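Structure, as structure tokens:
Note that the structure is a prediction, hence the values are computed from the model and not measured. Side chains are part of it too, since the values below use all heavy atoms of this structure and drop only hydrogens, waters and symmetry mates.
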Amino acid sequence: MASRRQIAAMKQSLFDQDYLDEQFIQLEELQDDANPNFVEEIVTLYYRDSSRLVSNIEQALERNPLEFNRLDSLMHQFKGSSSSIGAKKVKAECTLFREYCRAGNAEGCKRSFQQLKREYATLRKKLEAYFQQARQAGPFEAARRSK
């Protein structure tokens with residue numbers, strides 16, 4: 001079982017490597033004894049809902065010619081959801097994708113989307129590992145901010 005210090009270090013590394021931003025900490029501050037798994041539930045909802053958006057974006061990227069306005073709109077939604085959990089690298093890729101949309105750069109959109117999917121999957125794995133360790137340590141750890 002991971003110690004509280006190991007879990008805090010695990011979380012800190014997510015910030016140090018720019019996977020998460022301050023929004024994640026704000027979510028953790030809303031977590032309490034009455035709802036000890038609040039952040040994990042929010043992140044689970046994010047991945048459930050955003051998987052539909054990822055699928056819609058993939059379908060839109062297969063169209064010829066690309067509908068840049070539709071792609072931009074879908075990515076705007078995806079960026080908003082990603083911002084809400086503090087997914088920093090994912091959010092940065094969303095911004096880049098939208099810039100390619102505005103420039104009408106189909107190749108840029110496709111490349112950026114592949115990178116976005118990699119960041120999205122990596123963050124998911126890292127957060128799942130973090131939440132699993134935090135659950136094993138007990139409800140106290142997940143709600144505490146590391147210094």
Side-chain angles (χ1 to χ4, degrees), residues 2 4-32 35-137 141-147:
R4 297 196 190 289
R5 188 177 305 128
Q6 287 170 308
I7 294 164
M10 196 175 187
K11 180 170 76 175
Q12 189 58 49
S13 77
L14 291 171
F15 287 94
D16 294 345
Q17 296 168 32
D18 282 335
Y19 283 105
L20 295 175
D21 66 21
E22 197 64 27
Q23 180 61 32
F24 188 82
I25 290 171
Q26 290 175 7
L27 283 178
E28 285 194 321
E29 288 170 352
L30 297 172
Q31 188 163 282
D32 57 22
N35 200 350
N37 299 318
F38 176 74
V39 178
E40 185 174 3
E41 288 165 13
I42 295 292
V43 169
T44 300
L45 284 172
Y46 162 75
Y47 276 100
R48 192 183 70 202
D49 294 345
S50 59
S51 65
R52 175 186 51 82
L53 276 172
V54 167
S55 174
N56 289 345
I57 293 165
E58 281 174 336
Q59 289 169 10
L61 282 171
E62 289 169 7
R63 291 211 171 87
N64 197 6
L66 292 182
E67 297 172 33
F68 290 107
N69 287 341
R70 173 160 168 66
L71 283 165
D72 187 53
S73 173
L74 289 167
M75 193 55 74
H76 178 70
Q77 292 173 49
F78 190 70
K79 182 179 177 184
S81 330
S82 300
S83 294
S84 73
I85 66 154
K88 189 174 183 178
K89 283 186 177 184
V90 173
K91 191 172 72 173
E93 283 303 323
C94 291
T95 299
L96 187 59
F97 182 97
R98 294 187 71 203
E99 287 170 10
Y100 284 128
C101 278
R102 291 188 193 114
N105 182 336
E107 272 315 301
C109 284
K110 290 174 181 175
R111 258 195 331 272
S112 174
F113 188 62
Q114 293 311 310
Q115 182 61 28
L116 183 148
K117 288 197 304 185
R118 282 190 291 274
E119 296 297 354
Y120 176 77
T122 300
L123 179 62
R124 183 178 202 159
K125 273 190 280 202
K126 289 178 177 291
L127 284 173
E128 283 172 353
Y130 167 70
F131 289 131
Q132 182 180 8
Q133 295 295 327
R135 267 196 316 274
Q136 289 172 357
E141 185 53 42
R144 298 297 175 256
R145 180 178 182 168
S146 61
K147 297 291 179 212

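Contact of the R118 side chain with the Q114 side chain is registered, since non-hydrogen atoms from C-beta on lie closer than 4.5 Å. Looking at heavy atoms from C-beta onward, L127 lies out of side-chain contact with Y19 at the 4.5 angstrom threshold. The shortest distance between side-chain heavy atoms of L96 and Q115 does not fall below 4.5 Å. Using a 4.5 Å cut-off on side-chain heavy atoms (C-beta onward), F24 and K88 make no contact. Side-chain contact between Q6 and Q133: absent, with no pair of heavy atoms (C-beta onward) separated by less than 4.5 Å. In this structure the side chain of M10 never reaches within 4.5 angstrom of the side chain of L14, judged on heavy atoms. The shortest side-chain heavy-atom distance between Y100 and L71 does not fall under the 4.5 Å cut-off. Side-chain contact between F15 and I25: present, with at least one pair of heavy atoms (C-beta onward) separated by less than 4.5 Å.
Taking both residues in full, the closest heavy atoms of F68 and C109 are given as CE2-SG, 4.0 Å, listed atom of the first, atom of the second, then distance. Pairing each heavy atom of L66 with each of A106, the nearest pair is CD1-CB, 3.5 Å. Between N37 and Q31, the shortest heavy-atom contact is C-OE1, 3.7 Å.
With values rounded to the nearest 0.5 angstrom, F97 atom CZ is found 4.0 Å from M75 atom CE. Distance CG/L27 to CD/E40: 13.0 Å, rounded to 0.5 Å. Note: E93 CD to F113 CZ = 11.0 Å, rounded to the nearest 0.5 Å.
Using a 4.0 Å cut-off between a side-chain N of Lys or Arg and a carboxylate O of Asp or Glu, K89 and D18 do not qualify as a salt bridge.
Between Q12 and D16, the side chains place a donor N or O and an acceptor N or O closer than 3.5 Å (distance only, hydrogens not considered).
Close placement of the F78 and Y120 rings is indicated, their centers lying within 6.0 Å of each other.
The backbone N or O of V90 lies less than 3.5 Å from no partner atom in the side chain of E119, so there is not a single donor-acceptor pair. No donor-acceptor pair closer than 3.5 Å links the side chain of Q23 to the backbone N or O of I85.
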Working for side chain to side chain contact (heavy atoms under 4.5 Å, CB included), residues R70 and L74: CA-CA 6 Å; R70 173 160 168 66; L74 289 167; 3.9 Å; yes
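Applying the side chain to side chain donor-acceptor pair (under 3.5 Å) test to residues at least two apart or on different chains, the pairs with a partner in residues 73-84 are Y46-S82, H76-R98, K79-T95.
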For residues 52-59, please give each side-chain donor-acceptor pair under 3.5 Å, one per line with the distance, not counting sequence neighbours.
| residue | atom | partner | partner atom | Å |
| --- | --- | --- | --- | --- |
| E58 | OE2 | K117 | NZ | 2.7 |

